[in-house]
Amino acid sequence: MNRYIIFSLIVAQHLFSPCYGQEKSIQLEEVKVGGKRYQRAAEGILSIDILNADSIQKYQAGSLMQTLSRLPGVNAIGIGPNQSKPQIRGLGFNRVATVENGIKHEGQQWGLDHGLEIDQFSVGSAEVLKGASSFLYGSDAIGGVVRLLPPTELQEDGFKGNFNVLTKSNNASYGASFQAQGRKGHWVFGGGFTHLDYADYKVPTDTVYVYNYAVRLKDRHVRNTAGRETHFQLRGGYMSDRFSSILYLSNYHTKLGFFANAHGLEPRGVDTALYDKSSRDIGFPSQTVNHLKLINRSFIDWDKHKLWIDLGYQKNYRQEYNNYTAHGYMPPVYPQDMTVPIYLERLYDKQIYSITVKDQFSLAKHRLTIGANGDYQDNRIDGWSFLIPSYRQKAMSLFAYDQYLLDDHTTLYGALRYDYSHIHTSSYQDWFESQLEGNQTARVVRASELSRSFNSVVWSVGAGRQFGSLETKINLGKSFRAPIAQELGANGVNYHYFSYEKGNGSLSPEQSYQLDLSLTWSAKKASAAFTPFFNYFSNYIYLNPTSHYDQYYGAGNQIFEYTESRVRRYGAELKVSYQPLKRWKVELLGEYVRLEQLSGAKKGYTLPFSPAPSVLMDLSWTAKNSRHFKDTYLSIDCKWTAAQRQVVPPEEFTPAYQVFNFRTGTQVSFAKSVLQLRLQVQNLLDRKYMDHTSFYRLIALPEQGRNFILSIGVPFGYQPRS
């Protein structure tokens, strides 16, 4: 591994470094909350946090969402150290939309173990919109939006980029990323390639307990959690002041294993000698995912009108592998005449077509945006195990935003949107026969054909006012979310949640009402932001654990049924920054969210994966630039997370914990060469703790132990002389 890194750096230095002396280094703000940059129609009423590319690399964790979870109110539902999905203010899955290059990212986000197929090295900036954003992006944005933008295109002719190699100690990870962009006249282009390879990760314990069985871990490795990721992207197009059209092509591929003692496997039935033979092997259960994305973004400045057109195509292809295990009436031996491979437990093949058109123009003191969008999804299934049916879904919407400048310090906002969606789920019949009453046998229909249509009008009103250095915002709105195929038609074992899930074809769309406030104050040496919120769901859809167990098709797992209840959600985030001395900075980040069911079988309980209150304090120091060292920094932070005792069965209480992290970095210049060096030590004290929003919290598996992350970057580029 060391030879791999050294060789890569030597090649990069010889190829790129000699021309880099003409580039300028620009220090960007690490985290920005709100700000006048976003005082535009609709988005100006939302609470927005931003991380630029430099900060993403500085705080880099195993996945993009784990990196963004440093922001208050943002959490990651982690699937080990390298995969995760977003959670905003306690809501996740299909309640948070991820938007990349203007198009909603569509995978299998309903699944607990389905991570976000995004390469964090290719992201130019990440913006987190906290609060209901259905009026902006439709149904899946009822809890918020993670908006990802590419690097800003060059404003003048030139070519630049960065070659980065990194290694992580905890799971013996190594990888490299090459990112570049250029411009010639009005033509812009760019792209990149990233590859990561990691072994089983380590936890600070020798034994975990799964289904009350004691499971020993060899050398503290979580067996079968190794993986590989490969991602490439290309972009290119024409850009001028009045017109631009850029095409984006990307492909993300990953193969990774899941903890061999979980996912429905009996701990005592695991061949530990096989799984512990190598920490880089990928056995069963495992999955491969390939996500292809093609996007075209066009902009036309047409006198008083500004027109945006976004077109997108995505193909998400997911294969889940496992040893064949017979349940109930399934044949004890896998039939030889089956066309489905014996190890293909499930397959999901999803294609998505999307279009969004927006027109922005001014009318007196009004700044109006009107538009429409639509998408079509076709998700097909295969494999010898069934959970959700195949489905086709189409959605269309019309929307309008208005920003009205009341005076120099006060702005009013309003938004209105109409959504229509239709979903058609296919019937599914078992491939094996079951014994029915009267000694009859038949292939049981697990899912019936279903067609449902949904429509809703959502709205949002708000205001913002500047009182000197104090900025205030208030927003009140209604959002909705249409039920998805899993909630309507599931009927099978979800090993990832250790449950047998049953859908409900009569579910109604979720209706949500939310009030958001924002107070942001800034001075020369200090700033503070306080963002409280209140949210009410008239019919929140959730999995209700019943007292029944399915012995025939569910391998004895507890039956969970999708149902509805009224839910109240409230909380706040706090961010305080103070610079007592020129080169010293103290930052305090806090979050609190409380969710409570007000009706139904679990009245008084919270919702699954509710994050515990937490406070993060960061102390950082930056050095004065010298001839050979620039942008040198040191920082240490501690995150205090309270115990989570507000749970819903089968969840268990999660104890409180404190985790320390250390970071340092610098940019070294010698001759005409530059190296960017970054070092992180995560979980500095090797603390044993559990994250309540982690996928493996259900089996009491602690988070990864101490982890050293070394990143070495080689910037390169040139600009032609005038």
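Only a predicted model underlies this, so the values are computations on that prediction, with no experimental measurement involved. Below, each value reflects all heavy atoms present in this structure, side chains not excepted, and no hydrogens, waters or symmetry copies.
Partner of N75 under the side chain to side chain contact (heavy atoms under 4.5 Å, CB included) criterion, out of H692, Q66, E591: E591 alone. No option in S518, S460, S47 other than S460 meets the side chain to side chain donor-acceptor pair (under 3.5 Å) test with N475.
Between W110 and Y348, the distance separating the two ring centers is shorter than 6.0 angstrom. Between H291 and H253, the distance from one ring center to the other does not fall under 6.0 angstrom.
Ion pair R95/E510 flagged as a salt bridge, since at least one NZ, NE, NH1 or NH2 atom sits closer than 4.0 Å to an Asp/Glu carboxylate oxygen. Remark: K473 does not engage D516 in a salt bridge, criterion side-chain N to carboxylate O under 4.0 Å.
Between the side chain of S512 and the backbone N or O of S479 there is no donor-acceptor pair closer than 3.5 Å. Side chain of N170 to main chain of K202: a donor-acceptor pair is present (N/O by atom type, distance under 3.5 Å, no hydrogens or angles). Side chain of K350 to backbone of G107: a donor-acceptor contact under 3.5 angstrom is found. Proximity of a side-chain donor or acceptor of D200 to a complementary backbone N or O of R280 within less than 3.5 Å is not detected. One N or O on the side chain of N224 and one on the backbone of P285 form a donor-acceptor pair closer than 3.5 Å. In this structure a side-chain-to-backbone donor-acceptor pair under 3.5 Å is missing from D49 to V128. When atom types are taken as modelled, the side chain of D197 and the backbone of Y174 share no donor-acceptor pair closer than 3.5 angstrom.
L64 contributes atom CG, which lies 5.5 Å from atom CG of L148 (distance to the nearest 0.5 angstrom). Going from atom CD1 of I709 over to atom CZ of R678 covers 12.0 Å, rounded to the nearest 0.5 Å. Interatomic distance, CD of Q486 versus CG of L543, reported as 6.5 Å (0.5 Å rounding).
Taking the centre and axis of the six-membered ring of Y657, the NZ or CZ atom of K639 falls outside the cone set by 45° and 6.0 Å. Under the 6.0 Å distance and 45° angle rule, R70 counts as a cation-pi partner of Y59.
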(message) Using salt bridge (Lys or Arg N to Asp or Glu O under 4.0 Å), reason through E587 and K575 one step at a time and then give a plain yes or no.
(response) CA-CA 7 Å; E587 195 172 34; K575 179 179 184 294; 3.2 Å; yes
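The aromatic rings of Y592 and Y570 sit tilted relative to each other, their planes meeting at an angle between 30° and 60°.
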